[in-house]
Q: 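Take a look at this one; I'll ask things after.
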Amino acid sequence: MELAKSVLEETLKSFLREDLGYGDITTDSLVGPEIQGVANVVCNEPAMIAGLWEAQALLEIAGCKGASVVEEGERVSASSKILNATGSASSLLKVERTLLNLLSHMSGVATATSELVEVAKKHGAGKIRIACTRKTLPGLRYFEKRAVAVAGGDTHRLRLDDAVLIKDNHLAIGGTIADCIKKTRARVSFTKKIEVEIVDPDQAVEAAEAGADIILLDNMRTDQIEEAVSLLRKKNLRERIILEASGGIRKDNLVDYLRTDVDVVSLGAVTHSAKSINMSMSIKPVKRR
């Protein structure tokens, strides 16, 4: 999950450019470049914190310095100070909103993921992974997936080149499950796993016998998943397959899916629908002696 520093910095610079435009006309009119400032970032509600490294990188890009008060992945209570910053007051004002947006969003993703991870630990005997999906906001995938990882979740595929995932539309065009697995197995590296999405319990055996490494049980009810597991066990195929349940799974029905003997539960909601955490940044001028 570590992105090359130079690539990450370019992405963060693009975020700042998007907000800055041709200049902060308010700050440039009111705050002289000679004025130094100190700032504190406060988390205004209980949360798991993620994005501190990115926040400090944004401050460095702006010519400021940041120091974390808490650790990445730490749970904090309301009104907790999480980051201090110093530098030009003008620069602190210009970086403020971008920093808060990213930190609040990443912490929201981490908080949502951590809640599900805790449920999985309690009801899944610590054996079931909570994963996100590729349902991420354009331009934010790295940051959202890193927040998931900070919270103990699984990032799943970061990109299309991470693994083969044969979905319904691939099958509609590429042929049968067996045909598609055979074609991809011949084309891609032996280091890449092959996952097949199925919508009917009977397809589980077909996918396993054709050589799938992972079977994605898509939008299935828990009874359908249990049927798929039973069919695999009867054929002595269950232990060689990773089973992933996805689609229609929420926090309020997660326990039901954890009891179906799957290995992974994936949810798009932890990235595309995570609530942003309420944070604020106070900036004060440094008094001259």
Side-chain angles (χ1 to χ4, degrees), residues 1-8 113 117 120 124-136 138 141-220 225 227-247 249 257 260-268 270-271:
M1 278 303 296
E2 289 189 7
L3 197 64
K5 187 176 181 180
S6 59
V7 176
L8 181 56
T113 303
V117 168
K127 298 178 181 179
I128 302 175
R129 296 192 184 204
I130 298 296
C132 58
T133 68
R134 282 173 40 252
K135 294 179 180 178
T136 55
R141 177 169 296 172
Y142 167 79
F143 304 99
E144 292 177 341
K145 294 258 186 180
R146 198 181 81 75
V148 167
V150 166
D154 193 291
T155 59
H156 213 295
R157 293 191 299 172
L158 293 177
R159 307 184 309 186
L160 291 171
D161 57 3
D162 276 339
V164 173
L165 177 44
I166 302 169
K167 298 175 70 68
D168 56 349
N169 286 328
H170 295 115
L171 293 170
I173 299 168
T176 66
I177 288 175
D179 287 340
C180 288
I181 291 176
K182 183 178 180 180
K183 290 174 185 177
T184 53
R185 184 72 73 188
R187 182 180 179 88
V188 305
S189 170
F190 71 93
T191 63
K192 301 294 185 180
K193 290 186 181 295
I194 295 178
E195 181 170 13
V196 180
E197 176 186 279
I198 68 169
V199 294
D200 185 274
D202 292 331
Q203 293 176 305
V205 172
E206 181 184 357
E209 290 182 335
D213 301 298
I214 310 166
I215 295 176
L216 172 58
L217 306 156
D218 186 50
N219 283 299
M220 287 191 185
I225 294 176
E227 182 182 350
V229 172
S230 177
L231 291 171
L232 289 169
R233 289 200 181 281
K234 289 179 181 179
K235 294 284 188 176
N236 293 318
L237 295 168
R238 172 63 185 97
E239 301 309 319
R240 59 171 293 270
I241 291 289
I242 295 173
L243 291 179
E244 174 188 351
S246 188
I249 304 174
Y257 284 88
T260 61
D261 192 33
V262 294
D263 304 293
V264 181
V265 174
S266 59
L267 308 89
V270 293
T271 51

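Computed from a predicted model, the values in this text were never measured in an experiment. Below, each value reflects all heavy atoms present in this structure, side chains not excepted, and no hydrogens, waters or symmetry copies.
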Q: Check S266 against I249 and note the closest heavy-atom contact, atom names and distance.
A: O-CD1, 4.4 Å
Q: Atom CG of L217 and atom OH of Y257: how far apart are they, to the nearest 0.5 Å?
A: 10.0 Å
Q: Grab the two heavy atoms, one from V264 and one from A131, that are nearest each other, plus how far apart they are.
A: CG1-CB, 3.9 Å
Q: Evaluate side chain to side chain contact (heavy atoms under 4.5 Å, CB included) for I241 paired with I214, printing each intermediate quantity in order.
A: CA-CA 6 Å; I241 291 289; I214 310 166; over 6 Å; no
Q: State, with a plain yes or no, whether a side-chain heavy atom of T260 is found less than 4.5 Å away from one of V229.
A: no
Q: Is there side-chain contact between P201 and M220, with heavy atoms separated by less than 4.5 Å?
A: yes
Q: Quick one: CD on E206 to CD1 on I198, what's the gap to the nearest 0.5 Å?
A: 9.0 Å
Q: Rounded to the nearest 0.5 Å, what's the gap from OG on S230 to NZ on K235? Could you check?
A: 12.0 Å
Q: Considering only heavy atoms from C-beta outward, does the side chain of T133 approach that of L267 to under 4.5 Å?
A: no
Q: Determine yes or no for a side-chain-to-main-chain donor-acceptor pair under 3.5 angstrom, with T176 supplying the side chain and D179 the backbone.
A: yes
Q: Any side-chain donor-acceptor pair under 3.5 Å between H156 and E244?
A: yes
Q: Should R233 and D261 count as an ion pair when the cut-off is N to O under 4.0 Å?
A: yes
Q: Could you tell me if the side chain of C180 sits less than 4.5 Å from the side chain of V196, heavy atoms only?
A: no
Q: If you apply the rule side chain to side chain contact (heavy atoms under 4.5 Å, CB included), what do you find for I181 with I166, and how did you get there?
A: CA-CA 8 Å; I181 291 176; I166 302 169; 4.1 Å; yes
Q: To the nearest 0.5 Å, what is the distance between CD (E227) and CG (D202)?
A: 6.5 Å
Q: So, Q203 side chain and D200 main chain: donor-acceptor pair closer than 3.5 Å or not?
A: yes
Q: Determine, step by step, whether L243 and L232 satisfy the side chain to side chain contact (heavy atoms under 4.5 Å, CB included) criterion, reporting the C-alpha distance in whole Å, the side-chain angles of both residues, the deciding distance to 0.1 Å, and the verdict.
A: CA-CA 11 Å; L243 291 179; L232 289 169; 3.9 Å; yes
Q: Can a donor-acceptor pair be found, under 3.5 Å and without considering hydrogens, that links the side chain of R240 to the backbone of A208?
A: yes
Q: Find the distance between NZ (K193) and OG1 (T184) and round it off to the nearest 0.5 Å.
A: 13.5 Å
Q: Taking NZ in K135 as the centre, count heavy atoms belonging to other residues, nucleotides or ligands within less than 6.0 Å. Is the count above 12?
A: no
Q: Which atom names give the shortest non-hydrogen contact between E197 and D168, and what distance separates them?
A: OE2-N, 3.3 Å
Q: Strictly below 4.0 Å, N to O, side chains only: are R238 and D263 in salt-bridge contact?
A: yes
Q: Would you mind checking if R134 and D162 are paired as a salt bridge, meaning a charged N to carboxylate O distance below 4.0 Å?
A: no
Q: Go through the steps for K145 and D154 under the test salt bridge (charged side-chain N to carboxylate O under 4.0 Å, His left out), then give the verdict.
A: CA-CA 8 Å; K145 294 258 186 180; D154 193 291; over 6 Å; no
Q: Taking all heavy atoms of A149 and all of T155, pick out the closest pair and write down the distance.
A: CB-CG2, 4.0 Å
Q: Show the numbers, then the answer: is there a side chain to side chain contact (heavy atoms under 4.5 Å, CB included) between I215 and E195?
A: CA-CA 5 Å; I215 295 176; E195 181 170 13; over 6 Å; no
Q: So, taking the atom named OH in Y142 and the one named CG in L8, what distance separates them when rounded to the nearest 0.5 Å?
A: 5.5 Å
Q: Please name the pair of heavy atoms, one in T271 and one in C132, separated by the smallest distance, quoted to 0.1 Å.
A: CG2-CB, 4.1 Å
